[in-house]
Every structure is written in structure tokens, then in C-alpha cells.
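In this text the structure is predicted, and so the values were computed from the model without any measurement. Quick note: numbers below take in every heavy atom, side chains included, and nothing from hydrogens, waters or symmetry partners. Note on naming: letters A, B, ... go to the chains in the order of the sequence lines (proteins, then strands), and numbering restarts at 1 for each one.
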Amino acid sequence: MPELPEVETYRRDILRHFTGKILEHAYLGREKSSNISCSGFEKTLSGKRLTGIKRFGKMLSFDFEDDISALVHLMVSGRYVISNERKLPDKSIQVAFWFEGDESLLIRYLFLGFCRIYKTSELERCDEIRKLGIDPTSLDFSLKYFDKYLDSKKSSIKSLLLDQSFLSGIGNIYADEILFQAGISPQRKVSNLSNNERSRLYKAIIDQLRLGLKTRGATIQSYADIYGNPGGFQDNIKVHSKMGGACVNCKSEIVKIRVGGRGTYYCPNCQK
DNA sequence: CCCAAAGCCTGAAGGC
DNA sequence: TGCCTTCAGGCTTTGG
Ligand SMILES: [Zn+2]
């Protein structure tokens, strides 16, 4: 699943290849994946120069000249792929950006995801972005902010970590690893976390996301970078998707439960 | 063949 | 009653 580190890795790689280049032809394979018709999509974007790419949580905004942006959410399974082929894409490709030069950018397996067109100047007013909380890798993410927000909530800590209106970009994999590093059970209510636990959690959020970025993301089932290479974070994963395995700390069995409707992996012995 | 899984939205239902 | 939080269903496709 592409979460903050994976999406940021995509952003950096794509930026290096395509900023400043003209999008000669855009392609949208499925109308439902956008807020505009397929022909409108192609007409709006074709011929425009890519000026930059911004990340909002797990989304990327491809900003073009003339106040046009394409906002992409990969959701569960979407992947960006760089390609040297100019031929019409197969059915697994929902979006194609053929840039000037030899290289093109494809989006494949965008099942539940989208690529929507907005005016760049109005981007931050759209629902998808307005609802997002702060970015946990930004300087705005202080212990003070974290603490204050926790005070106002009653849900379980796992649910809160996944709440994009609190922190944007954390998904199921990193949430489980953050809680393992902090030694806190996913079921704990945020209201009764001690100060010490809160600061451990704060540190774990920063550490795990930073490690995710450094290792270029987690490949558990399907993630690959634009070149098709897997990330390296999975080698650091201690609990997520490891049910039945032995905890690296205490050799207890990792268990899988449901918290807030989401599959959740943890060590009941190390995480209290 | 059917169910589960993923992230996120919506609307309904439940708690204090 | 109002505010929050949780839950169920839908979207889409793959894989067990
Ligand atoms: Zn353990």
C-alpha cells in the first residue's frame, strides 16, 4: 500500500524525470477514475508543461502551466511506472502521460484511486485536501500539537494514527510499526496514554516514516518504484503482516486482530 | 463462486 | 439534544 514514504519516493523520482517537460499527450482509460470525461482529460492536459509536483498526504498533485493540476490518489494498489514505449496502454493502465522525449509516466492498477483535474490556484480548497491534517514529516508536527490533539480524542490510538484529518500520510503498515516501536497496544484509548507513552509515540512516528523514506518504501505485496524496483522497509518490519511469527524482542507470537475495522498486527507481550 | 483485503467516503446507529 | 465515534456498505480488482 502506498503510504507517505512510498508516495514521497514516487514524487522525488518522477520530479527528476519530468519537471519542465511538456506533456505531449495525456490518456485516461476510465471515466470513473476522474472528475472529467476521458476526452476532456486529454484535451485539458495535452500540450501543457509540468511545472512541479506537490504531495498532500498520500496524494500527489501534478502541477501544469495555465493553472491546471492533476490530483492523484493511488489508494490501495495504484503504481506509477516509467516507460519508454509509446504504444497504446493495456487495460491495467488507467492513466498515461506521454512527455516530450522518450519517457512516459503510466499509472497502473488504480482500482479505487483517482486522477482528478483542478485549478492549481484552487487546489487547497478542494475537499480531498481540505480534510487533511498536518504532515507528520513537516516541521509543523510538534510534540505540543500531538499532545493537544490527543487530549481531545476518545478513540483507539490505532484508529487515530490512520485518521487522515489528524496526520496525513500514515497507513496500515506504518501505523502497526509505529505502535510496536512505541511499545503501545493498538487498542489503547488515547485519553489514557501517559506523557511518557505520548512522547514515545511521537518519536516512533518520526522514526518510522524517516526510515521508510530512507529505504524507499515497503514492498509487502505489490509496491515497486517507477523503475519496478522494490523498496527496503519490509526488511525492518517487525509486526505488520507477520501473524504467527515470533516477536524479534521477546519471541512471543505476533497476533492479528481488528481495530477500527482494520487488520492490525502486534505483540501482546511488548505492546501494553 | 464467494469472500476478504486495501483506503476512504457516506450515512446510520450508538454512547455520554 | 448534540457531539463524537464506530460500524456497515459501496467502490474495484485480485487471490485464496
Ligand atoms: Zn514482543
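Atom C1' of nucleotide B:dC8 and atom CZ of A:F114 are separated by 9 Å, given to the nearest angstrom. For A:L160 and B:dC8, the CG to P distance is 14 Å, given to the nearest whole Å. Rounded to whole Å, the distance from CD1 on A:I170 to C1' on B:dC8 is 16 Å. Rounded to whole Å, atom P of B:dC9 lies 9 Å from atom CG of A:D127. For the pair A:Y265 OH and B:dA6 C1', the computed distance is 11 Å after rounding to whole Å. Residue A:K131 contributes atom NZ, which lies 7 Å from atom C1' of B:dC9 at whole-angstrom precision. Between the C1' atom of B:dA6 and the CD atom of A:Q164 lies a distance of 13 Å, rounded to the nearest Å. Taking atom CD1 of A:I129 as the reference point, atom C1' of B:dC8 lies 15 Å away to the nearest angstrom.
Evaluation of the ring pair (Phe, Tyr, Trp, His ring centres under 6.0 Å) rule for A:F99 yields A:F18 as partners, not counting sequence neighbours.
Note on A:R258: only backbone sugar-phosphate atoms sit closer than 4.0 angstrom, heavy atoms only; bases stay farther off. Among the heavy atoms of the strands lying under 4.0 Å from A:K256 are primed sugar atoms or P, OP1, OP2 only; no base atom is included.
For the side-chain contact (heavy atoms from CB on, under 4.5 Å) criterion with A:V72, the lone passing option out of A:I107, A:V7, A:V95 is A:I107.
Two residues are said to be in side-chain contact when any heavy atoms from C-beta on lie closer than 4.5 Å; A:F97 and A:E103 fail this criterion. A heavy-atom distance below 4.5 Å is not found between the side chains of A:F141 and A:D135. Using a 4.5 Å heavy-atom threshold, the side chains of A:L179 and A:Y266 count as separate.
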> What is the per-nucleotide protein-contact pattern of nucleotides 5-15 of chain C, from the 5' end, where B denotes a base atom under 4.0 Å from a protein heavy atom, S denotes such proximity for sugar-phosphate atoms only, and - denotes neither?
Replying inline: SS----BBSS-
Protein and nucleotides 11-14 of chain B: nitrogen or oxygen contacts under 3.5 angstrom:
none

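Between A:K153 and A:D163 there is no salt bridge, since none of the side-chain N atoms of the basic residue sits less than 4.0 Å from a carboxylate O of the acidic one. Salt-bridge formation is not detected for the pair A:E6/A:K58: no Lys NZ or Arg NE/NH1/NH2 atom is positioned less than 4.0 Å from an Asp or Glu carboxylate oxygen.
Comparing atom distances between the A:M75 side chain and each of B:dC8, B:dC9, B:dA6 picks out B:dC8 as nearest.
When the shell of 6.0 Å around CG of A:D102 is examined, it contains 12 or fewer heavy atoms from other residues, nucleotides or ligands.
Hydrophobic cluster membership differs between A:F180 and A:I220, with clusters built from Ile, Leu, Val, Met, Phe, Trp and Tyr side chains linked at under 4.5 angstrom.
Both A:E128 and A:T264 lie close to DNA chain B; mapped to their nearest nucleotides by heavy-atom distance, the more 5′-ward contact belongs to A:T264.
At B:dA6, none of the side-chain N or O atoms of A:Q221 fall inside 4.0 Å of OP1 or OP2 (strictly under the cut-off).
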